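In this chain, numbering begins with 1 at the start of the sequence shown. Since this is a predicted model, take the numbers as computed values, not measurements. Start at 1 and go down the list; that is how both ligands and their atoms are numbered. Below, all heavy atoms of this structure are taken into account, side chains as well, without hydrogens, waters or symmetry copies.
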Amino acid sequence: MDRITGPNDQSLFVDRTAGKRGQKGPFFVVYADQDAETRWGFFCGHCETADSAVDSMGRVQCNECSNRTKAEEWDSAHE
Ligand SMILES: [Zn+2]
């Protein structure tokens with residue numbers, strides 16, 4: 001787990017072993033606590049920010065660099 005600072009200056013934790021593949025770079029799963037009990041969102045591996053949004057189809061888009069996922073493909077499921 002990598003500790004990062006979120007958009008509201010809160011501490012967030014990035015699991016770089018789980019995530020989705022994006023057009024510009026991977027999105028990693030972000031938790032609000034170090035024990036990975038509370039899912040917070042996604043961390044953009046392209047611009048290194050946690051400022052991303054998930055739509056109703058489960059697609060992730062970065063608000064900073066417009067990185068986005070294409071399909072509901074979970075890299076961790078294949079490794
Ligand atoms: Zn980004």
Side-chain angles (χ1 to χ4, degrees):
M1 290 290 202
D2 286 351
R3 179 194 286 264
I4 62 167
T5 301
N8 300 315
D9 286 336
Q10 75 271 49
S11 289
L12 298 171
F13 298 89
V14 180
D15 181 356
R16 290 182 185 265
T17 66
K20 295 170 179 276
R21 185 170 293 138
Q23 289 177 328
K24 295 182 178 180
F27 286 99
F28 299 111
V29 178
V30 177
Y31 295 95
D33 59 278
Q34 196 159 17
D35 295 327
E37 289 179 351
T38 306
R39 272 283 288 276
W40 186 87
F42 288 94
F43 177 81
C44 176
H46 180 72
C47 66
E48 301 274 312
T49 69
D51 188 5
S52 60
V54 183
D55 71 14
S56 58
M57 300 291 287
R59 291 175 298 212
V60 186
Q61 178 164 356
C62 177
N63 294 322
E64 289 291 327
C65 71
S66 299
N67 186 18
R68 67 174 71 191
T69 57
K70 284 183 285 189
E72 60 288 350
E73 151 185 20
W74 283 83
D75 291 344
S76 58
H78 303 294
E79 292 170 355

Practice problem: Pick out which of Asp51, Thr69, Thr49 makes a side chain to side chain contact (heavy atoms under 4.5 Å, CB included) with Cys62. | Solution: Thr49
Quiz prompt | Contacts of Asp55 that satisfy salt bridge (Lys or Arg N to Asp or Glu O under 4.0 Å) - sequence neighbours left out | solution = Arg59
Exercise. Taking 2.8 Å as the upper limit, name the protein N, O or S atoms near the Zn ion (ligand 1).
Key: Cys44 SG, Cys47 SG, Cys62 SG, Cys65 SG
Per-pair distances, 0.1 Å, donor-acceptor, side chain in residues 4-11, under 3.5 Å, sequence neighbours excluded:
residue	atom	partner	partner atom	Å
Gln10	OE1	Asn8	N	2.9
Ser11	OG	Arg3	NH1	2.9

Practice problem: Verify, without hydrogens or angle tests, whether Lys20 (side chain) and Val60 (backbone) share a donor-acceptor contact under 3.5 angstrom. | Solution: no
Self-check item: Partners meeting salt bridge (Lys or Arg N to Asp or Glu O under 4.0 Å) with Asp2 (sequence neighbours left out)
Solution: Arg16
Quiz item: For the hydrophobic clusters of this structure (ILVMFWY residues joined by side-chain heavy atoms under 4.5 Å, transitively), does one cluster hold both Val29 and Phe43?
Solution: no
